[in-house]
Enquirer: 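One structure, as structure tokens, below. Some questions next.
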2 protein chains.
Amino acid sequence: MAPKIVDREAKKEQIVHAAIGVFAEKGVANTKMIDIARAAAIGKGTIYEYFRSKEDIFAAAYNRMNREMEMKIGQILSGSEHPAVQLQMIFDLSLDYFGHDAVEFSAVMMDFWAEGIRRKSPEMMGVINLKEIYDQYREIIAGIVRNGQRQGLFIDVDPVSYASLAIGALDGMLLQMVMSAEIIDIARVKETFKRTMIQCLQKEKPNTINPEKKK
Amino acid sequence: MAPKIVDREAKKEQIVHAAIGVFAEKGVANTKMIDIARAAAIGKGTIYEYFRSKEDIFAAAYNRMNREMEMKIGQILSGSEHPAVQLQMIFDLSLDYFGHDAVEFSAVMMDFWAEGIRRKSPEMMGVINLKEIYDQYREIIAGIVRNGQRQGLFIDVDPVSYASLAIGALDGMLLQMVMSAEIIDIARVKETFKRTMIQCLQKEKPNTINPEKKK
DNA sequence: ATATTAATACCGACCAGTCGGTCAAAATAA
DNA sequence: TTATTTTGACCGACTGGTCGGTATTAATAT
């Protein structure tokens with residue numbers, strides 16, 4: 001009178017995990033349900049016990065990858081006080097997250113990205129809403145900038161424009177890292193990025209804070 | 001003994017033109033051959049008289065859009081002398097090209113982009129090679145920077161890193177324009193972009209040249 | 001203990017729809 | 001008439017999702 005019980009959440013996680021792996025390897029568009037099933041070592045039909053559709057898995061994978069990033073940023077925001085340092089940490093975080101050895105994740109992120117654009121206008125079933133995520137990130141950065149301006153640390157730039165620029169640069173560089181990893185010197189680009197984006201924001205002396213990690 | 005003659009180049013152009021329109025409207029992945037045929041007001045089979053495959057059309061469309069941009073940049077490079085002005089013109093060009101009323105083109109560009117990434121590792125049949133394009137653009141920007149440095153106008157930043165950053169920022173902002181056009185103030189972002197990316201490069205007074213168009 | 005049983009998890013063959021590409025016939029221009 | 005172009009019906013490969021049946025588990029009865 002009592003059935004087999006499984007930890008449904010754990011199983012979903014198992015499937016999403018497998019899916020991300022396959023996505024990374026073959027690209028979202030080229031991933032078949034059977035691929036995911038095999039990677040998760042379950043039958044194809046079983047997937048449909050936990051997810052309504054391929055789309056559903058896609059969304060779950062996206063949200064999972066995103067939530068991680070959000071948490072880390074939350075930590076940064078609640079931590080250090082100096083706005084320039086906060087910015088630097090966020091840039092570092094983003095750059096590292098992708099630039100790390102997990103280049104394959106970057107590719108997945110790109111897929112999400114492309115999909116997100118494609119679904120911008122149409123109903124988009126509430127599945128992904130990349131736009132919302134971007135608006136949110138932009139607001140985080142803009143908030144830090146405003147904060148810095150209020151403290152008289154930053155020049156009088158439009159915070160939202162600056163945020164757009166910073167986020168855009170982050171993303172665009174990601175693309176190039178993915179594509180031309182062997183050509184561009186990633187560490188160097190990262191340093192240039194931080195230098196440029198943060199120094200240009202500061203009022204007088206760029207050395208008010210030290211943009212270099214002490215070694 | 002001397003049958004019907006058609007301008008094959010013109011017909012190809014007609015098809016590519018139609019294809020770009022459909023790509024813009026529905027996204028490359030969702031475009032069917034029949035859609036292109038209908039848009040070009042020809043039969044589906046006819047397409048195959050001029051293109052080997054869908055892939056082939058895709059590549060042709062990509063190259064067509066790209067060649068335009070290349071030509072314009074060529075003009076810029078051969079024109080004005082001051083490196084900062086050249087940079088500014090290139091940024092303006094890129095930002096306008098997409099930001100203009102032709103937002104739909106941006107979406108197509110994104111599709112190319114996404115596809116380009118997906119095809120980075122595998123053989124990629126020589127069809128698209130986005131990487132090559134990027135390497136090329138990067139080298140153009142880097143060249144201008146080096147030039148400016150040689151003339152003692154620019155600070156001693158790594159030209160290639162700077163170029164990566166600039167191109168990345170350009171692309172990333174494009175994404176945001178496409179996605180959140182109604183939220184971000186595009187003109188303002190553009191201005192911030194130019195200010196930031198060019199001023200940070202200049203040695204002392206940012207006003208050595210006037211980054212504002214005289215009115 | 002252990003056999004029974006009911007509730008659930010799991011599976012993969014199958015289905016129905018889709019779409020890129022082909023080809024034989026029709027249309028067309030010279 | 002004839003060389004060439006155009007065409008859309010057709011083909012076949014592919015794939016997301018379904019469904020009937022099987023396996024597994026744990027509560028219950030003995």
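Letters go in sequence order (proteins before strands), and every chain restarts at 1.
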Enquirer: Would you find a donor on one side and an acceptor on the other, under 3.5 Å apart, between the side chain of A:Q149 and the backbone of A:V157?
Expert: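 Yes.
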
Enquirer: Identify which nucleotide among C:dG20, C:dC10, C:dG21 has an atom closest to any side-chain atom of B:K32, counting heavy atoms from C-beta outward.
Expert: C:dG20

Enquirer: Separation of B:I34 atom CD1 from C:dG17 atom P, in whole Å?
Expert: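 Rounded to whole Å, this separation is 19 Å.
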
Enquirer: For the side chain of A:T192 and the backbone of A:R188, is there at least one donor-acceptor N/O pair under 3.5 Å apart?
Expert: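 Judged by distance alone, yes, a pair lies under 3.5 Å.
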
Enquirer: Would you mind reading off the distance between A:Y48 atom OH and C:dA13 atom P, rounded to a whole angstrom?
Expert: 16 Å

Enquirer: Quickly work out the B:I57 CD1 to C:dC19 C1' distance and round it to whole Å.
Expert: 14 Å

Enquirer: OP1, OP2 of D:dT7 versus side-chain N and O of B:T46: anything below 4.0 Å?
Expert: yes

Enquirer: For B:K44 and C:dA26, give me the distance from atom NZ to atom P, rounded to whole Å.
Expert: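 Atom NZ in B:K44 sits about 20 Å away from atom P in C:dA26.
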
Enquirer: Measure from CZ on B:F51 to C1' on D:dT6 and round the result to the nearest Å.
Expert: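 Going from CZ in B:F51 over to C1' in D:dT6 covers 16 Å.
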
Enquirer: Out of C:dG20, D:dG17, D:dT7, which nucleotide sits closest to the side chain of A:S53?
Expert: D:dG17

Enquirer: Once you round it to whole Å, what is the distance between P of C:dT18 and CG of B:D35?
Expert: 13 Å

Enquirer: Checking contacts here: which listed nucleotide (D:dG17, D:dT7, C:dG21) is nearest the side-chain heavy atoms of B:K54?
Expert: C:dG21

Enquirer: To the nearest Å, how far apart are B:I47 CD1 and C:dC23 C1'?
Expert: 16 Å

Enquirer: From the options D:dG16, C:dG21, C:dC11, select the nucleotide whose nearest atom is closest to the side chain of A:M33.
Expert: D:dG16

Enquirer: Does A:Y50 put a side-chain nitrogen or oxygen below 4.0 Å from OP1 or OP2 of C:dA9?
Expert: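 A:Y50 to C:dA9 OP1/OP2: no side-chain N or O under 4.0 Å.
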
Enquirer: Under 3.5 Å, is there a donor-acceptor pair between the side chain of A:D56 and the main chain of A:R52?
Expert: yes

Enquirer: The side chain of A:E49 is closest to which nucleotide in this list: D:dT5, C:dG21, C:dC11?
Expert: C:dC11

Enquirer: Tell me the interatomic distance from A:K11, atom NZ, to D:dT24, atom P, rounded to whole angstroms.
Expert: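 Rounded to the whole Å, the gap is 13 Å.
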
Enquirer: Does the A:Y50 side chain pair with the main chain of A:I57, one donor and one acceptor, at a distance under 3.5 Å?
Expert: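 A pair under 3.5 Å: no.
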
Enquirer: Side chains of B:Y137 and B:D171: any donor to acceptor distance under 3.5 Å?
Expert: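 B:D171 vs B:Y137: no donor-acceptor pair found between side chains.
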
Enquirer: Can you find a side chain N or O atom of B:R52 that sits less than 4.0 Å from OP1 or OP2 on C:dG20?
Expert: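 The answer is no; no side-chain N or O of B:R52 sits under 4.0 Å from OP1 or OP2.
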
